[in-house]
Structure formats: structure tokens, C-alpha cells
Amino acid sequence: MSRALSWLNRIEKVPSLNLAFSNLARAGSYMLPVPFIYAFSGAAETAFWMLVVTLIGLQNLLFLGSPQILIRMLSVARSKANNEHELMAAFDSPTEAHLIYFMRTLFMIAAIVITLLFATIGSWAVAHSVSLTSNPQDCWNLWAIITGTTFLRVGLLQYLTFLNGYGDIAVPRFVDGVAWVLAAFFATIGYWLSGSLVIMAISTQAPLLVLLGFLHRRSASYGWREMSRSTQGADLKKTAKTIWMPTWRAGLGSFLSLGSRQGAGVVLAQYSRPELVAGFLLAQNVISLIMVLSSAPVQSVLHTMSEYYAVGKTELHNQLAAQALTRSLWVVVAACGMIGLMIIPSLKAFGLQGMFVTAPLWAIMSFALYFQRYGAAHLQHYSITNHIFWHRLDGGTGVMNIALAAWLIPTYGAWGAAIANLSSVATIYAWIPVLFVVRRFDFDWFENDFKPVSLITCCFVIVLGFAIWIGY
């Protein structure tokens, strides 16, 4: 018992592991009930639930990438307060108090806007799927709960953003992961016992309310309560202007890139049969789950890289970035490989292959994710300079994706959406950030990137090729 507690204590103190655990638990909490919904209620209810999950993921577009930018700015603001290094004079960023006061205002407005959008446009987006289910009233009641609890989800994001900016990652993310795991089990048990989507949604709220209280108290220990309410010397307009410049660029790119990728599923839900929609949306959300999971190695060192950059330690943040890149890609290989080699054959063996996409289509979606994570790791590294060109990169990728999808989806359906995404990411998104990193930081691309990534890529090709062979 003592060894188990000692092991748990060590795991709890590792930021990257807890960030991965938190991201996995959050995304997995929405996925765990899916087999039960498919088995007990059918494809129509499954398609509706996966559409709801997709819309919840799209709500983050309204933040325009501001949480990651706020994490970096908080890290720099703390370095300025605690470090007199001469290079810090080059950073004309807001103070901690000004950033926190702005954060409180931003997240409050975002919660209101998201609630209104869910109640209007979101209701229109789910209406067709609801009409195909056997119990439309139950589905509408669930959608009302999802809309009404927007403030809870935004509040959790607010406190996690603040704590991550202060370098407090491990414990908050560990508790966050535990709460979402409990929420997933409560949701699954609630649905299994009642067969009601409403009961499922209500069952998840208790652990999340406890989590909100914990994060609020932990944030208060760093001075959140005082600084978020203090307006002394705070120029909200000036702070907003400072943050807006990098934020709108990142947000525009995310809207075009992520919006086009996730939006393809929303469009398919309006015109395709529930069986096709359920499988594609589930696969798309699994990809999103792996995406956030594989981003953990980079996110967990982002504030440290920002601090190294702030004091001119280029070699150190280059080393951290190279390590984070390889770890991120190995996570993609492991996760996508497990789905292709184990999950898809298992579903086929139990006659549930309609729940998910085929192995060849999964391979295309997996390679698109692999290229995306490769480019994103370099992009996050370069973004510590606060020179944001995400809007151009994501925007170009998104426009190409939209153009190809409009051409391919009418003929090839889900295959067209997957091919459009792979083509746009592999030709634009994956390579431009590398050039910026190499030029700005004198990054040794061959030694730190090409050699390890080549090995990982070969393993990925072998794993997915074997998965396709098994599928046939």
C-alpha cells in the first residue's frame, strides 16, 4: 500500500503526465457512454450525442486561442516580477494583476456569448439529428442542460489557464482528470440504469462542481480573488489591446482550420444517414482526443520555454522543444496504432463495425493528425516569441481544406473530408513552422528533428499498414 501511495505521489508531481491524464479524461468522459448509447438506443441517438460533443469542442473557437496566449503572458509577467535580467526590458507585457483582471472579464463575456450561441445556432444545428431519434424530448432536454452548464465549463477553463500560467500544472491537472473520470463513470452508470440522456447529463455535474470549487480555492491561494477584483491601476482597454493583437490572428486561423475540420462533421449530420454520421463523428472526436493528449508534452513545457526565452537561454528551450516534439509524435503513433490494431478489429468481431470508420479511412485520418502535431509542436515553440502568424498558417490550411472538402465530400462523403484534411495539413501546416523555428532559434533541424522523426514515421507507416492488412 505504501509503495502504491509513493508511486501515486511521484506521478502526481509530473506535469506532462498529469496534463495528458487531464486531457484524456476530459475527452474520454464524452466517449465512454457511446457504446451503451449505440447498443441500447441505436445509431440516431449516437449520432446526436456525437454531434453535441462536436459542438462542445467548437465552443473553444470563441476564445480565439487566448488561453494559451494568456499562459505565456502570465509566465512572462511573473518572470519580470521575479527577475531583473536585462533582456526582460524587451518585454512590454501587462502586469500579473492587469492580466488576471482581464481574464475574469474575458471568460465571463465568453460564457454569456457561448450560451446565447448554443441556444440559437446550436439548437438549429442539432434539430435535424434530434428529429431522427426515438425520443426527441429527451434529446432537447439534454441540449438544454448542455447549454445551461456553459458557465461551469468556462469556469474550469478559466482557473486552469490561470494556474498553468503560474506554473502550477501537476496537481490541478491531476484533480481535473480524476473529476472527469468520475463524471464519465457517473454518466455511463446513469444512462445504463435509466436509458435517458438527461439523467446521463445530470449525473456528470456533481464531480465537476466539486472540481470548480477546488480550482477556485487553489487559484485564491495565488491571489486570484484579490487581483481579479482589483481595478486599481488596471487599464482594461490597454491590456485587451495587447492581448488582442496575437489573439485575433490565432483565432482567425483556428476558426478556418479547426472550424473546417470539425465543421465537416456538422455538415454531414445535416444530410447523411445516422449510421454514417455516428461512425465518422466518433472517429473525428477520437482524433480530437488524441490531438489534445499528444499536445500535453508540448503544453507542459510551454511556460518553461517562455521563461528560458525571456532570459536568452536559447539552447535550453531548443532542447525542451525537441524532446516535446518526439514525445508528442510517439503518443500519436501509440494511440492511433492501438485504435487500428485493437479497437477496430474488436468492433468488427462483435458486429459493431458501424460505430466507427474502416481501417483504411482511419489510417488517412491518423496521418493527417500526425502531420498536424508535427507542425503544431514547432508552431508552439516559435510562439514563445509572441510573434503570432497562426492566422496565416491555419487560415491557409483551412481555406485549402474547405475548397477540397467542397469538391470531394459530395462524391466521396467521409473519405472526401478525410482526404481534404490530410492534403491541406501535409502540404501547408506541417512545414512552414519548421522554417520559422530554424531561422529564429538556429535550431539544428537534422540532429534534433529529422533523425528522430524519421524513425517515428517509419514505425507509424508499419503500424498502420499492418492495421489495414488485419482489417481485410
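- One distance of note links OG of Ser423 with CG of Asn401; it measures 8.5 Å at 0.5 Å rounding.
- What you find for Thr161 and Met103 is that their closest heavy atoms are CG2-CE, 4.0 Å.
- Annotation for Phe40: atom CZ counts as buried by contact number, over 12 foreign heavy atoms lying within 6.0 Å.
- Panel note: side chain Thr133, backbone Val130; a donor-acceptor pair is recorded below 3.5 Å.
- In this structure, SG on Cys139 lies 4.5 Å from CZ on Phe48, to the nearest 0.5 angstrom.
- Of all the heavy atoms in Leu163 and Ser219, the pair that sits closest is CG-OG, 3.7 Å.
- Closest approach of Ser123 and Ala119 over heavy atoms only: OG-O, 2.9 Å.
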Hey, mind stepping through Leu325 and Val298 against side-chain contact (heavy atoms from CB on, under 4.5 Å) and telling me if it holds?
CA-CA 7 Å; Leu325 168 65; Val298 179; over 6 Å; no
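- One distance of note links CG of Leu156 with CZ of Phe107; it measures 11.0 Å at 0.5 Å rounding.
- The minimum heavy-atom distance between Gly177 and Ala25, with the atom names listed, is O-CB, 3.3 Å.
- Distance alone, capped at 3.5 Å, is enough to place a donor-acceptor pair between the Ser221 side chain and the Arg218 backbone.
- Counting heavy atoms of neighbouring residues, nucleotides and ligands inside a 6.0 Å radius, atom CZ of Phe185 does not exceed 12 of them.
- At least one side-chain heavy atom of Phe466 sits under 4.5 Å from a side-chain heavy atom of Ile470.
- Taking the six-membered ring for Trp and thresholds of 30 and 60 degrees, Trp180 and Tyr30 have ring planes inclined between 30 and 60 degrees apart.
- The aromatic rings of Phe174 and Phe21 lie tilted to each other, with the angle between the two planes from 30° to 60°.
- At least one side-chain heavy atom of Ile146 sits under 4.5 Å from a side-chain heavy atom of Arg153.
- Contact check for Val333 versus Tyr370: side-chain heavy atoms found under the 4.5 Å cut-off.
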For Thr105 and Ile109, run side-chain contact (heavy atoms from CB on, under 4.5 Å): C-alpha distance rounded to whole Å, both residues' side-chain angles, the deciding distance at 0.1 Å, then the answer.
CA-CA 6 Å; Thr105 305; Ile109 294 173; 3.9 Å; yes
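- Side-chain contact annotation: Ser203 with Tyr191, donor-acceptor N/O pair under 3.5 Å absent.
- Of the inter-residue distances, the one linking Cys459 atom SG with Leu464 atom CG reads 11.0 Å to the nearest 0.5 angstrom.
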Run the numbers on Phe214 and Val171 for side-chain contact (heavy atoms from CB on, under 4.5 Å), then give the verdict.
CA-CA 11 Å; Phe214 168 80; Val171 173; 4.1 Å; yes
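- At a threshold of 4.5 Å between non-hydrogen side-chain atoms, the residues Phe118 and Gln59 count as touching.
- Between the CG atom of Leu212 and the CD atom of Gln158 there is a distance of 9.0 Å, given to the nearest 0.5 Å.
- The backbone N or O of Ile468 sits nowhere less than 3.5 Å from a side-chain atom of Trp362 that would complete a donor-acceptor pair.
- Looking at Ser424, its side chain does come within 3.5 Å of a backbone N or O of Asn421 through a donor-acceptor pair.
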Applying side-chain contact (heavy atoms from CB on, under 4.5 Å) to Cys336 and Phe460, what does each step give before you reach the verdict?
CA-CA 9 Å; Cys336 292; Phe460 199 36; 3.9 Å; yes
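- Within the 4.5 Å cutoff, no side-chain heavy atoms of Tyr429 are placed close to those of Tyr374.
- Shortest non-hydrogen contact noted between Glu45 and Asn135 is OE2-N, 3.9 Å.
- Between Thr326 and Ile456, the shortest heavy-atom distance links the atoms O-CD1, 3.9 Å.
- Looking at Ser294, its side chain never comes within 3.5 Å of a backbone N or O of Ser328 through a donor-acceptor pair.
- Counting heavy atoms from C-beta outward, Ile37 and Met200 have side chains that approach closer than 4.5 Å.
- Taking OG1 of Thr188 as the reference point, atom CG of Leu32 lies at 3.5 Å (rounded to 0.5 Å).
- By the 4.5 Å heavy-atom criterion applied to side chains, Val357 and Gln284 are not counted as neighbours.
- Using a 4.5 Å heavy-atom threshold, the side chains of Tyr159 and Pro172 count as separate.
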